[in-house]
Amino acid sequence: VNSCVVDKVPDEVAIQIFSYLNPQDLGRCAQVSHRWNRLALDTSLWRNFLPIQWSKGVWSFTPMVDIEVEEQSLLENKDECVAIYYDEDADIDESEEDDDTKRIKKPMLQFKIKMETSMLMSMMKYLLPKVGYGVKTINLAFSQGLVNGLLYKMLSLCPLVENLDLTHTRVSDLGFKSLGRNGCGGNLKRVDLAGCKNITDVTLERLSQALRSKPEIRQEDCDDNNHEEKNEIELNEKGDKSSKDSDCHVTCRQNIKEQTVHEDCKISFTNDIEDHSPRMSESLANQKGRSVDLTLTTTPTLKVGYITEESPRLTLNTGNISSFGQRTSLCCPKNCCFDTASVKHFDQHSKNMNFKCLTDINEWTKICAVKHGHESEIICDNLECGLEYLSLSGCSHITDKGIRALVIDQQTFPSLQFLDLSGCDKVTSLALTDLVSVCTSLDHQFLYYCDNVTADPYSDSASGCQNLECPTRACCRTGC
Ligand code: FES
């Protein structure tokens with residue numbers, strides 16, 4: 001029997017080999033065997049989801065959209081640009097869809113849009129359900145085939161997405177309906193909605209809800225009999241009390257089916273006082289049954305334990321939950337227990353469970369254990385959102401209401417470094433001030449808004465409207 005080198009190496013090595021492949025090749029590998037399918041669809045290989053360039057034959061995980069070319073194409077096809085709506089049985093009311101659907105005039109354009117939409121639908125059906133939790137970047141810029149139903153499903157399947165680029169798409173508020181649900185969108189750092197002229201304040205309200213995702217304790221879910229036997233979430237009394245004291249919540253999302261849970265999966269939350277020192281020990285565990293103890297810092301302590309027959313036991317002790325800064329989760333090599341949400345400070349190497357130190361626990365906010373739709377999260381009440389980039393350029397329907405929805409309860413945006421409200425000519429200086437005042441890191445040279453704002457609060461420091469010479473995005477001076 002012929003066998004290739006991949007069949008003889010451990011999973012982590014095989015995945016490393018697969019990491020050199022492009023998405024098309026990975027798709028082909030996934031059809032070879034069950035093992036290859038599992039390896040090729042490892043979530044660590046699918047960080048970037050770029051279906052628009054893939055539909056053009058650019059099979060790369062590196063974004064290669066040429067904005068100038070795409071904008072020129074957008075201009076040329078402005079009159080012929082059409083909308084093709086597919087009924088995807090998304091749980092949304094499509095009766096509210098905008099009625100800009102027009103008849104296709106150019107067969108080539110029609111073919112292109114169909115190809116794009118077809119690929120999006122196929123990936124939605126076959127790919128994202130398997131790799132969605134690993135996706136960090138979704139780039140759908142200049143997509144002409146994207147419709148609200150597709151976006152809705154995409155966001156639902158990729159709840160840990162950090163970078164969302166929907167530049168010049170015709171999505172509207174309905175497409176963002178999944179934001180904020182089950183923590184979807186809570187990790188967003190970069191949101192580019194430039195040229196999305198159909199969105200309104202409702203989208204910003206949903207975005208705001210997503211950024212402050214705050215799961216509630218649902219202990220009844222954890223006590224579910226169907227869940228107890230195979231997936232155990234333990235929250236001892238002491239831990240529960242202390243968690244409340246520190247304004248932290250533990251959520252066990254119990255939308256899973258019993259059979260989807262790994263039979264040996266075990267997650268436990270405790271609140272033991274074990275270590276007050278700001279340190280963490282680095283441990284490796286390469287042997288079956290061996291424990292890994294990562295002690296981070298002060299109380300309350302969180303333990304996440306994971307046991308399978310084939311992988312070692314992992315116990316993670318963390319502390320000072322209220323000071324956590326970013327969402328993080330753990331990853332099982334076979335995608336059967338945990339999924340990695342952030343590798344910035346937390347690295348792992350597949351089967352050996354080779355966990356490395358977190359270098360800055362203060363940036364660690366959340367531990368999220370994900371398994372086939374099951375999540376267990378810890379999140380703080382005073383969570384500050386990690387949004388770094390927000391572009392609403394050309395979103396002319398945005399008003400003060402939407403802007404203020406972002407700053408409910410004076411939630412700060414300590415990481416926001418870019419804010420583009422060019423073309424949002426309905427936003428007044430009052431709402432603008434409310435938002436900018438909570439963006440503590442925002443350098444005003446990266447702040448853009450309408451030049452015609454009355455009582456302009458940042459006239460000396462901000463950069464003004466960027467759409468004055470842009471033919472594709474709204475601006476009150478050009479009438480575009
Ligand atoms: Fe007012 Fe551009 S939107 S100057």
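Heads up: numbering here begins at 1 and tracks the sequence. Numbering of ligands and ligand atoms starts at 1, following listing order. In this text the structure is predicted, and so the values were computed from the model without any measurement.
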Quiz item: Can a cation-pi geometry be assigned to R206 and F176, taking NZ or CZ under 6.0 Å from the six-membered ring centre and within 45° of the ring axis?
Solution: no

Quiz item: Strictly under 2.8 Å, is any N, O or S atom of C475 next to atom 2 (Fe) of ligand 1?
Solution: yes

Quiz item: Does Y448 have its ring centroid less than 6.0 Å away from the ring centroid of F418?
Solution: yes

Quiz item: Is it true that atom CD of Q445 has more than 12 heavy atoms of other residues, nucleotides or ligands lying nearer than 6.0 Å?
Solution: yes

Quiz item: Are G423 and ligand 1 in contact, using a heavy-atom cut-off of under 4.0 Å?
Solution: yes

Quiz item: Are K401 and D201 close enough for a salt bridge, meaning some N to O gap below 4.0 Å?
Solution: no

Quiz item: Under a 4.0 Å heavy-atom limit, does C465 contact ligand 1 with its side chain, its backbone, both, or neither?
Solution: side chain

Which ligand 1 atoms, with their elements, are less than 4.0 angstrom from a heavy-atom of [X]?
| X | answer |
| --- | --- |
| C476 | 1 (Fe), 2 (Fe), 3 (S), 4 (S) |
| D451 | 1 (Fe), 4 (S) |
| C450 | 1 (Fe), 3 (S), 4 (S) |

Practice problem: Using the ring pair (Phe, Tyr, Trp, His ring centres under 6.0 Å) rule, take Y133 and W46 through it: C-alpha gap first, then chi angles, then the decisive distance, then the call. | Solution: CA-CA 9 Å; Y133 272 97; W46 297 87; over 10 Å; no

